[in-house]
S.K.: 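The structure under discussion is supplied below as structure tokens; questions concerning it will follow.
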Amino acid sequence: DTAVSQTPKYLVTQMGNDKSIKCEQNLGHDTMYWYKQDSKKFLKIMFSYNNKELIINETVPNRFSPKSPDKAHLNLHINSLELGDSAVYFCASSQRGGGYEQYFGPGTRLTVT
Amino acid sequence: SQKIEQNSEALNIQEGKTATLTCNYTNYSPAYLQWYRQDPGRGPVFLLLIRENEKEKRKERLKVTFDTTLKQSLFHITASQPADSATYLCATNRDDKIIFGKGTRLHILP
């Protein structure tokens with residue numbers, strides 16, 4: 001049973017397109033996150049949701065919009081994709097925010113051409 | 001500014017020896033430190049968490065220490081094996097957020 005799943009695993013698209021990445025967790029956790037890992041492998045938080053409510057919104061362009069239809073799902077929609085958006089995007093969840101271990105999905109490798 | 005740093009980008013250790021990885025933080029006092037393992041093409045996997053009032057935590061061959069005087073956490077793998085080769089990330093809280101270090105790539109040489 002996959003704890004945190006993401007789709008798609010790979011996404012290749014052209015500049016200017018709009019795309020979505022979906023994330024689901026079956027752990028019953030209250031908090032979900034989106035991270036971006038760039039080519040230098042630096043993992044940086046983008047958003048955090050707690051029970052469908054936005055908790056953390058790091059300095060991320062408005063083109064990125066998370067949506068949480070319920071506490072088991074957190075999707076990421078990206079408008080007007082740019083070359084610099086190419087990275088691996090990880091979804092994660094934790095029992096609650098703060099000092100709880102996080103469970104990560106397998107990642108979505110986004111390539112913008 | 002608040003920072004978390006893993007000084008070694010890469011570390012080579014002979015099989016059977018103890019691997020020690022370092023995580024330093026500056027300009028704040030974290031409530032906890034976490035360590036994760038990341039294999040190529042996969043998401044990070046949680047290993048250990050140590051809180052500020054704990055000096056040491058162990059799990060099988062893994063040991064983590066937290067020294068608030070030195071502002072440092074050490075992560076040890078004893079009796080290292082080639083299967084321990086991976087990138088290891090430390091993470092901690094900054095306000096309500098969790099921040100990650102850049103990771104140390106550990107290579108266990110057979």
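Here is how names work: the chains are called A, B, and so on, in the same order as the sequence lines, proteins then strands, and each is numbered from 1.
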S.K.: Looking at Tyr35(A), Phe42(A), Phe90(A), which one forms a ring pair (Phe, Tyr, Trp, His ring centres under 6.0 Å) with Phe100(B)?
M.R.: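 With Phe100(B) as partner, ring pair (Phe, Tyr, Trp, His ring centres under 6.0 Å) holds for just one option, Tyr35(A).
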S.K.: Among Gln37(A), Lys41(A), Arg109(A), who wins on heavy-atom pairs under 4.5 Å with chain B?
M.R.: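 Sorted descending by pairs with chain B, the first entry is Gln37(A).
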S.K.: Is Arg42(B) atom CZ crowded by more than 12 heavy atoms from other residues, nucleotides or ligands, each under 6.0 Å away?
M.R.: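 Incorrect, the count does not exceed 12.
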S.K.: NZ of Lys22(A): more than 12 outside heavy atoms within 6.0 angstrom?
M.R.: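 Check fails, neighbour count at 12 or below.
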S.K.: Are Leu21(B) and Val64(B) connected, step by step, through hydrophobic side chains (Ile, Leu, Val, Met, Phe, Trp, Tyr) whose heavy atoms are closer than 4.5 Å?
M.R.: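 Result: yes, single cluster for both.
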S.K.: Measure distances from Lys44(A) to the heavy atoms of chain B and classify the residue's part below 4.5 Å as side chain, backbone, both or neither.
M.R.: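 Neither part.
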S.K.: Would you indicate whether Asp70(A), at its atom CG, is surrounded by more than 12 heavy atoms from other residues, nucleotides or ligands within a distance under 6.0 Å?
M.R.: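 Enclosed: over 12 neighbouring heavy atoms sit under 6.0 Å from CG of Asp70(A).
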S.K.: Are more than 12 heavy atoms, taken from residues, nucleotides or ligands other than Glu53(A), located less than 6.0 Å from that residue's CD atom?
M.R.: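 Atom CD in Glu53(A) is not crowded, with 12 or fewer foreign heavy atoms closer than 6.0 Å.
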S.K.: What is the distance from atom CD1 of Ile45(A) to atom CD1 of Ile99(B), rounded to the nearest 0.5 Å?
M.R.: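 Atom-to-atom, Ile45(A):CD1 and Ile99(B):CD1 are 10.5 Å apart.
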S.K.: State yes or no: are the ring centers of Phe104(A) and Phe46(B) separated by less than 6.0 Å?
M.R.: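 When the ring centroids of Phe104(A) and Phe46(B) are compared, they turn out to be at least 6.0 Å apart.
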S.K.: Who wins among Gly41(B), Gly43(B), Pro44(B), Ala91(B) for the most heavy-atom pairs under 4.5 Å with chain A?
M.R.: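 Most pairs with chain A among the choices: Pro44(B).
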S.K.: Heavy-atom cut-off 4.5 Å, strictly under: side chain, backbone, both or neither for Ile98(B) against chain A?
M.R.: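 Both backbone and side chain.
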S.K.: More than 12 heavy atoms of other residues, nucleotides or ligands under 6.0 Å from NZ of Lys102(B): yes or no?
M.R.: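 No, not enclosed.
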S.K.: Are Leu89(B) and Val45(B) connected in the hydrophobic side-chain network, where two residues link if heavy atoms are under 4.5 Å apart?
M.R.: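 Cluster IDs for Leu89(B) and Val45(B) differ.
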S.K.: Is chain B contacted by the side chain of Tyr103(A), its backbone, both, or neither, given a heavy-atom distance below 4.5 Å?
M.R.: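 Contact with chain B involves no heavy atom of Tyr103(A) at all.
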S.K.: Once rounded to the nearest 0.5 Å, what's the spacing between atom CD of Gln38(B) and atom CG of Leu43(A)?
M.R.: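 Gln38(B) atom CD to Leu43(A) atom CG measures 6.5 Å (nearest 0.5 Å).
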S.K.: Please flag which part of Tyr32(B) lies under 4.5 Å from any non-hydrogen atom of chain A: side chain, backbone, both or neither.
M.R.: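 Contact with chain A involves the side chain of Tyr32(B) alone.
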S.K.: Could you tell me whether the side chains of Gln102(A) and Gln34(B) share a donor-acceptor contact shorter than 3.5 Å?
M.R.: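 No, Gln34(B) and Gln102(A) have no side-chain donor paired with an acceptor closer than 3.5 Å.
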